[in-house]
Peer 1: 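Can you keep this structure in mind? I'll have questions shortly.
Quick note on labels: first sequence line is chain A, next is B, and so on, each numbered from 1.
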Amino acid sequence: MSGYKTYRISELIAGDQADIPVKVKGWVRNKRESKNVIFISLNDGSTIKNLQVVGDPQIFAEHLTRLINTGCSLAVSGNLQASQGQGQAVELQAEEIELLGEADPEMYPLQPKKHSLEFLREIAHLRPRSQTFGAVFRVRHALIYAVHTFFHERGFYNIHTPIITGSDAEGAGEMFRVTTLDPQRPPLTEQSEVDHSQDFFGRETNLTVSGQLEAEVAAQALGLVYTFGPTFRAENSNTSRHLAEFWMIEPEMAFYDLNDNMDLAEDFLKYLTSYALEHCQDDLAFLDKRNQEEENQKPQHLRQEMTLIERLQFVSDNKFERVTYTEAIEILRNSKPHKKKKFQFLIEGWGTDLQSEHERYLVEKHFKKPVILFDYPKEIKSFYMRMNEDGKTVAAMDVLFPGIGEVIGGSQREERLQQLKDRMKEMNVPEQELWWYLELRKFGTVPHSGFGLGFERLVQFVTGMTNIRDVIPFPRTPGNAEF
RNA sequence: UCCUCCUUAGCUCAGUUGGUUAGAGCGGCUGACUGUUAAUCAGUAGGUCCUUGGUUCGAGUCCAAGAGGAGGAGCCA
């Protein structure tokens with residue numbers, strides 16, 4: 001049993017080591033069998049590539065080889081050698097095979113055939129074993145690592161903001177209640193309302209919809225900070241771009257104005273895409289091929305002009321287009337689909353929010369590159385965004401990507417106490433709940449900026465997966481929390 | 001939440017104007033095969049036609065309600 005050193009498959013398939021005794025452990029993807037030779041494709045999750053295990057049926061008991069089926073787990077020891085066949089540099093000549101766990105082929109759903117993403121969603125506990133989801137989750141990990149690396153290299157500090165929050169004044173969407181009160185018989189006040197003073201925290205609490213306000217606190221002490229944590233929205237959104245539980249990255253920078261903010265956002269997205277291009281080549285090559293096959297199913301006019309890898313290179317190599325909201329409205333008014341009345345929603349004039357189709361036109365047809373829109377009308381943006389000199393617009397910005405739309409939303413924050421109070425009054429945000437947020441403007445206030453990036457949307461863009469439920473291991477959507 | 005479409009074998013789907021015993025491909029199983037690459041060849045099993053109710057001599061097919069899924073919209077990240 002000794003003499004075999006254990007390796008992960010990623011360490012072996014390059015082919016720079018051969019004629020050494022090795023032991024590998026993994027799951028069988030496929031078995032091909034003839035009278036004199038058995039081939040097993042073994043995968044251990046370390047790479048999308050499989051290690052080819054070659055076995056001589058004479059030296060293994062038939063009851064063992066019968067149990068080696070798609071999905072079972074094995075430990076295989078033997079000699080790693082140059083492959084006699086095409087398609088791989090090295091293969092493992094098996095000397096010992098240990099069956100760790102069987103997988104009955106009559107029952108195991110993940111058989112070697114094409115499966116739809118919808119079907120794989122129904123077996124979320126097994127789908128990471130498929131090629132597609134293995135690739136997606138490895139890329140997801142690489143991007144997580146790249147996020148931390150990017151900020152660390154630039155002197156940012158990671159801040160853990162609370163997941164349970166006391167304020168519900170942010171207006172970022174419906175919230176999930178957090179309570180330990182008996183749902184059948186909660187304590188009531190004299191006005192027969194639920195008495196939250198008897199709740200665990202002595203007040204009403206919710207799951208966070210954003211760590212921004214807490215990140216602002218940290219930025220005004222540590223200078224440059226970022227959060228990267230789970231975020232919850234109880235909206236009844238049923239789209240390929242929304243989750244009830246998702247991960248958000250929110251940098252917050254003291255002494256940054258809106259231009260500094262846009263520069264950082266652009267650098268960040270370029271860094272992340274080029275990091276993936278450099279470090280996830282095998283997985284991206286697979287996803288690129290998958291994506292092209294998917295595109296070929298579509299009618300010609302709906303197909304993407306660029307392949308996945310071309311799109312990633314395009315983002316990392318080209319400067320994003322920056323236009324004000326006001327300029328964008330002008331472009332849309334002069335556009336062909338507007339003049340020919342092809343838009344489903346008319347451009348109603350300055351002051352209304354842009355519809356998805358308008359954003360898509362700007363990104364995919366007009367500029368044909370990522371677009372940063374900035375200086376939005378104050379009416380359609382949040383209370384904490386800094387009022388511009390014109391009194392009509394705020395220093396907000398959105399980064400729009402082809403295919404997925406808004407990937408980043410950010411702003412320069414209102415650092416002037418009186419202006420902030422005025423805005424809160426206008427938008428009916430209760431001052432007393434955010435007293436601590438206002439105190440930041442009372443004591444040593446500074447200009448500062450930040451943005452939020454929906455991590456899953458980024459993973460969608462980088463992997464080319466069209467449904468957000470396929471880029472997070474356990475998606476939470478309305479009516480679905482099975483796994 | 002709104003609009004549109006879908007639900008038939010383990011999976012992906014076909015199923016004609018409502019008419020006898022519901023089909024294919026993939027996957028599984030059995031066998032063959034001297035090196036395969038989601039192998040190849042031959043054979044074979046496998047069905048609550050989403051659920052409930054209705055129309056009809058007769059419903060996978062038509063109608064209604066419900067459940068589940070997908071795409072789009074709104075909300076946003």
Peer 1: Ignoring hydrogens and angles, answer whether the base of B/C11 and the side-chain atoms of A/K113 contain a donor-acceptor pair closer than 3.5 Å.
Peer 2: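 Such a pair exists between side chain and base.
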Peer 1: What's the closest nucleotide to the side chain of A/K114 if the choices are B/G31, B/G28, B/A38?
Peer 2: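 Ranking B/G31, B/G28, B/A38 by closest atom to the A/K114 side chain puts B/A38 first.
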Peer 1: Any stacking of A/F246 on B/A77, going by centres under 5.5 angstrom and planes within less than 30 degrees?
Peer 2: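 Here the ring of A/F246 and the base of B/A77 are stacked, with centres under 5.5 Å and planes under 30°.
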Peer 1: Taking the side chain of A/H242 as its heavy atoms from C-beta onward, which of B/C11, B/U36, B/C75 lies nearest to it?
Peer 2: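 Of the options given, the side chain of A/H242 lies nearest B/C75.
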Peer 1: For the side chain of A/R121, starting at C-beta, report the closest nucleotide among B/C33, B/U12, B/G69.
Peer 2: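 Closest nucleotide among those given: B/G69.
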Peer 1: Does A/E118 make a side-chain donor-acceptor contact with the base of B/U12, cut-off 3.5 Å?
Peer 2: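 No.
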Peer 1: For nucleotides B/C26 and B/C63, find the distance between their C1' atoms and express it as a whole number of Å.
Peer 2: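 Between the two C1' atoms, the distance is 36 Å.
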Peer 1: Out of B/G25, B/C76, B/G28, which nucleotide sits closest to the side chain of A/R241?
Peer 2: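 It is B/C76.
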Peer 1: Between A/K336 and A/Y361, is NZ or CZ placed under 6.0 angstrom from the six-membered ring centre and within 45° of the ring axis?
Peer 2: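 The answer is no, since A/K336 fails at least one limit relative to A/Y361.
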Peer 1: If you check the A/S356 side chain, which of B/G35, B/G31, B/G74 turns out closest?
Peer 2: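 The answer is B/G74, which lies nearest to the side chain.
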Peer 1: Report which part of the nucleic acid A/Q86 touches: base, sugar-phosphate, or nothing (heavy-atom distance under 4.0 Å, all strands).
Peer 2: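 Base contact.
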Peer 1: B/A77, B/A73, B/C11: which one has an atom nearest the side-chain heavy atoms of A/Q355?
Peer 2: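 For A/Q355, the side-chain atoms sit closest to B/A73.
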Peer 1: For A/T239, answer base if it contacts any base atom (sugar-phosphate contacts may also be present), sugar-phosphate if it contacts only those atoms, and nothing otherwise; contact means non-hydrogen atoms under 4.0 Å.
Peer 2: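 Base contact.
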Peer 1: For the base of B/A77, is there a side-chain donor-acceptor partner from A/R233 under 3.5 Å away?
Peer 2: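 In this structure, the two groups form a donor-acceptor pair.
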Peer 1: Does the base of B/C33 carry an N or O that pairs as donor and acceptor with the side chain of A/R32 under 3.5 Å?
Peer 2: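 No, no donor-acceptor pair under 3.5 Å.
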Peer 1: Can you spot which of A/F228, A/Y157, A/F268 makes a ring pair (Phe, Tyr, Trp, His ring centres under 6.0 Å) with A/F151?
Peer 2: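 Answer after filtering A/F228, A/Y157, A/F268: A/F268.
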Peer 1: Tell me if the aromatic rings of A/Y325 and A/Y376 count as close, with their centers under 6.0 Å from one another.
Peer 2: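 For A/Y325 and A/Y376, the ring centres are under 6.0 Å apart.
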Peer 1: Can you check the distance between B/G47 and B/U12, where both ends of the measurement are the C1' atom (answer in whole Å)?
Peer 2: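 Approximately 16 Å lies between the C1' atom of B/G47 and that of B/U12.
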Peer 1: Distance criterion of 3.5 Å, no angle test: do you see the side chain of A/Q84 paired donor-to-acceptor with the base of B/G35?
Peer 2: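 Check passes, donor-acceptor contact within cut-off.
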Peer 1: Does A/E357 reach a base, just sugar-phosphate, or nothing at all? Heavy atoms under 4.0 Å.
Peer 2: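 Answer is nothing: A/E357 stays at 4.0 Å or more from every strand.
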Peer 1: NA contact type, A/Q344, heavy-atom cut-off 4.0 Å: base, sugar-phosphate, or nothing?
Peer 2: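 Since no nucleic acid heavy atom lies under 4.0 Å of A/Q344, the category is nothing.
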Peer 1: Across the strands shown, which category fits A/N238 at heavy-atom distances under 4.0 angstrom: base, sugar-phosphate, nothing?
Peer 2: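 A/N238: base contact, heavy atoms under 4.0 Å.
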Peer 1: Just checking A/R360: base, sugar-phosphate only, or nothing, at a heavy-atom cut-off of under 4.0 Å?
Peer 2: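 Counting heavy atoms under 4.0 Å across all strands, no contact is made by A/R360.
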Peer 1: Compare the minimum distances between each of B/G28, B/G25, B/U36 and the side chain of A/P112, then state the nucleotide with the smallest one.
Peer 2: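 Among B/G28, B/G25, B/U36, the one nearest the side chain of A/P112 is B/G28.
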Peer 1: Can you tell me which nucleotide in B/U12, B/G35, B/G28 comes closest to the side chain of A/S34?
Peer 2: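 For A/S34, the side-chain atoms sit closest to B/G35.
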Peer 1: How would you label the contact of A/S237 with the nucleic acid (heavy atoms, under 4.0 Å): base, sugar-phosphate, or nothing?
Peer 2: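 Touches a base.
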Peer 1: Is A/R322 close enough and on-axis enough to A/F320, meaning under 6.0 Å and within 45°, for cation-pi?
Peer 2: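 No; the conditions do not both hold, so A/R322 does not lie above the ring face of A/F320.
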Peer 1: Measure up the A/F137 and A/F133 rings against each other and bin them: parallel (under 30°), tilted (30 to 60°), perpendicular (over 60°).
Peer 2: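 Tilted, since the angle between the ring planes falls between 30° and 60°.
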Peer 1: Classify the side chain of A/E33 and the base of B/G35 as holding, or not holding, a donor-acceptor pair under 3.5 Å.
Peer 2: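 For A/E33, whose side chain was compared with the base of B/G35, there is no donor-acceptor pair (under 3.5 Å).
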Peer 1: Check whether any side-chain nitrogen or oxygen of A/S240 sits under 4.0 Å from OP1 or OP2 of B/G72, and answer yes or no.
Peer 2: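 Checking B/G72 against A/S240, a side-chain N or O does come within under 4.0 Å of OP1 or OP2.
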Peer 1: When you get a sec, tell me which of B/G10, B/U36, B/A77 is the closest nucleotide to the side chain of A/Q52?
Peer 2: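 Side chain of A/Q52 sits closest to B/U36.
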Peer 1: Please check the phosphate of B/G71 (OP1 and OP2 only) for any side-chain N or O of A/N467 closer than 4.0 Å.
Peer 2: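 The answer is yes; a side-chain N or O of A/N467 sits under 4.0 Å from OP1 or OP2.
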Peer 1: Write down the atom of A/V53, the atom of A/A94, and the distance for their closest heavy-atom approach.
Peer 2: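 In this case the closest contact between A/V53 and A/A94 is CG1-CB, 3.8 Å.
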Peer 1: A/P105 near the nucleic acid: base, sugar-phosphate alone, or nothing, with a heavy-atom cut-off under 4.0 Å?
Peer 2: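 Sugar-phosphate, no base atom in range.
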Peer 1: B/G68 C1' sits how many Å from A/F119 CZ, rounded?
Peer 2: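 Atom CZ in A/F119 sits about 15 Å away from atom C1' in B/G68.
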Peer 1: Distance check: side-chain N/O of A/Q111 vs OP1/OP2 of B/G28, anything under 4.0 Å?
Peer 2: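 Yes, such a contact exists.
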